[in-house]
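Chain letters run A, B, ... following the sequence lines, proteins first, then strands; residues in each count from 1.
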Protein chains: 2
Amino acid sequence: MAARRPDTSERGEQTRTRIVDAALGLFEERGYEGTTMRAVAAAAGVSLGNAYYYFASKDHLVQAFYERSQVEHLAASRPVLDRERDLGARLSGVLHAWLDTNRRYHDFAVTFFRTAADPDSPLSPFSPQSQPARDAAIALYAEVLHGSDAKVTPAVRERLPEMLWLYSMGVVLYWVHDRSTDVERSRFLVDRTVPLVVRLVNLSRYRVLRGVVDDAMDIVDELSGRRLTR
Amino acid sequence: MAARRPDTSERGEQTRTRIVDAALGLFEERGYEGTTMRAVAAAAGVSLGNAYYYFASKDHLVQAFYERSQVEHLAASRPVLDRERDLGARLSGVLHAWLDTNRRYHDFAVTFFRTAADPDSPLSPFSPQSQPARDAAIALYAEVLHGSDAKVTPAVRERLPEMLWLYSMGVVLYWVHDRSTDVERSRFLVDRTVPLVVRLVNLSRYRVLRGVVDDAMDIVDELSGRRLTR
DNA sequence: CGTTCGATCTGAACACGTTCAAGTCGAGCG
DNA sequence: CGCTCGACTTGAACGTGTTCAGATCGAACG
């Protein structure tokens, strides 16, 4: 029979799950900084050292949140993607779905994204360790585009998903800084910029913009042979 | 006679300077994380607690770096701004000047920008405490534009500096993640995107783009009545 | 049953950022 | 000269993330 991955053994996996659950609960309740590793260990019913046996650092603990949030976002996006054909509606729907699923995490997401801004952190959206998550996210925007009735050139069709993802990262960056009630300013940003994006996408077929667009595509190619990092 | 600001009194100012010098030296030598407050205090010849009398936290210590760097950048940009009239040359010159003046700080700037990514940190480029520095930076890009021979509509003329600053923040973000030797990829990014930006600026006068541009300007207005933060 | 060995677990110890109660210093005043 | 007061300085102590040398557990094996 096949050898088991160490962290998939029964006992280990159980303990790992207990720790994650405890951590996410405390994060939501007291925020990231307000949650100590000792508290996490205690809530999970394990020793402090044991928590570090499963998670190399406090930061690594939020990767669990990251994954959970992404699964929720995908699920929340599904209905929109199945229903809408219009590019603007699809893009807007996916972004609002993101804002919805992350609403309750806003407070502690702030400190989470702080560590994510460290290029050396595995949590950075540009880090090698995030590649799977990043690819999944880009794939989502590929579906946003390819499932729509928007007409684009082949070159754009291929690179636009990545650029839409970058655009979504911009929205996230704004959202992190957004202190308005119910993050209405972020929603406003989405509502106002999505039509702009769509219009630019449509314009990209026309002669005046063709040159700029082609050059932009080239730059994306040249710089993403090896991604934003290293 | 006028009352002295406490931190401008003779002895205090001296001590403050000693601490800043010690800190910047150690930052450059061992990086941010590698530098302990105890080491800074020791190098400055003061007690640990005394360092905290002048600087509320380790983070506040890098504001000194921030200011020094900005002064250097301004000085390095001056020749280009006095010489060039072409928008692309001016923009490119200013950005390369930034890369030059910050070259030796790259290693520890990484961790510096990490804390800067925290919206609650006074070091965030979007924070109220950074407003003076931010305004100064935007003013620089206003000079880049207004001293050039580029033809733009009044609306663009007014808002473009802020957008150029945002563009420069994007370059900085890329630079922080850039691990290539001598940050050549960042230089490549500048060389390739500046012409794009210039072409977009020129196109902004034409009918096809007018609508998009006007809408973009509106959004900037609506969202920056109160800035990106609060 | 006894041994072995790797996965799992423990808690004391460490280094660091930060706080604070208690000093010291020096100029101005009576 | 002694006193006062506020600016400045001190170092011990606290809480936290992280490390590590060693338990403990349990399945496989002889």
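Here C:dC9 presents its P atom at 8 Å from CD1 of A:Ile19, a figure rounded to the nearest Å. For the pair B:Asp59 CG and C:dG17 P, the interatomic distance rounds to 10 Å; values are reported in whole Å. Rounded to an integer number of Å, the gap from CZ of A:Arg18 to C1' of C:dC9 is 11 Å. The nearest whole Å value for the distance from the CG atom in A:Leu61 to the P atom in D:dG17 is 11 Å. Rounded to whole Å, the distance from NE2 on A:His60 to P on D:dG17 is 16 Å.
Looking at A:His73 and A:Ser69, their side chains never bring a donor and an acceptor atom within 3.5 Å of each other. A donor-acceptor pair shorter than 3.5 Å can be found between the side chains of B:Thr193 and B:Tyr167.
The cationic group of B:Lys58 lies under 6.0 Å from the six-membered ring centre of B:Tyr32 and within 45° of the ring axis, placing it in a cation-pi geometry. With a 6.0 Å cutoff to the six-membered ring centre and a 45° limit on the axis angle, A:Arg16 counts as a cation-pi contact of A:Phe55.
The side chain of A:Tyr53 places no N or O atom within less than 4.0 Å of a non-bridging phosphate oxygen (OP1 or OP2) of C:dC9. Taking 4.0 angstrom as the limit, B:Tyr52 places none of its side-chain polar atoms (N or O) nearer than this to OP1 or OP2 of D:dT10. Note on B:Ser57: every side-chain N or O is 4.0 Å or more away from OP1 and OP2 of C:dG17.
Salt bridge absent: B:Arg179 and B:Asp107 never bring a charged side-chain N and a carboxylate O closer than 4.0 Å. The residues B:Glu72 and B:Arg104 are annotated as salt-bridged, a charged nitrogen and a carboxylate oxygen being separated by less than 4.0 angstrom. Taking 4.0 Å as the cut-off between side-chain N and carboxylate O, B:Arg78 and B:Asp82 count as a salt-bridged pair.
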Derivation of the side-chain contact (heavy atoms from CB on, under 4.5 Å) call for A:Leu61 and A:Leu24
CA-CA 8 Å; A:Leu61 227 27; A:Leu24 292 193; over 6 Å; no
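Aromatic pair A:Phe108/A:Phe65: centroids less than 6.0 angstrom apart.
Applying a 4.0 Å cut-off to non-hydrogen atoms, the residues of residues 27-51 of chain A that approach DNA chain C are A:Arg38, A:Val46, A:Ser47, A:Gly49, A:Asn50, listed by residue number.
Across its full length, the helix from C:dC1-D:dG30 to C:dG30-D:dC1 shows an angle of 30° between the axes of its 5 terminal pairs at either end, rounded to 10 degrees.
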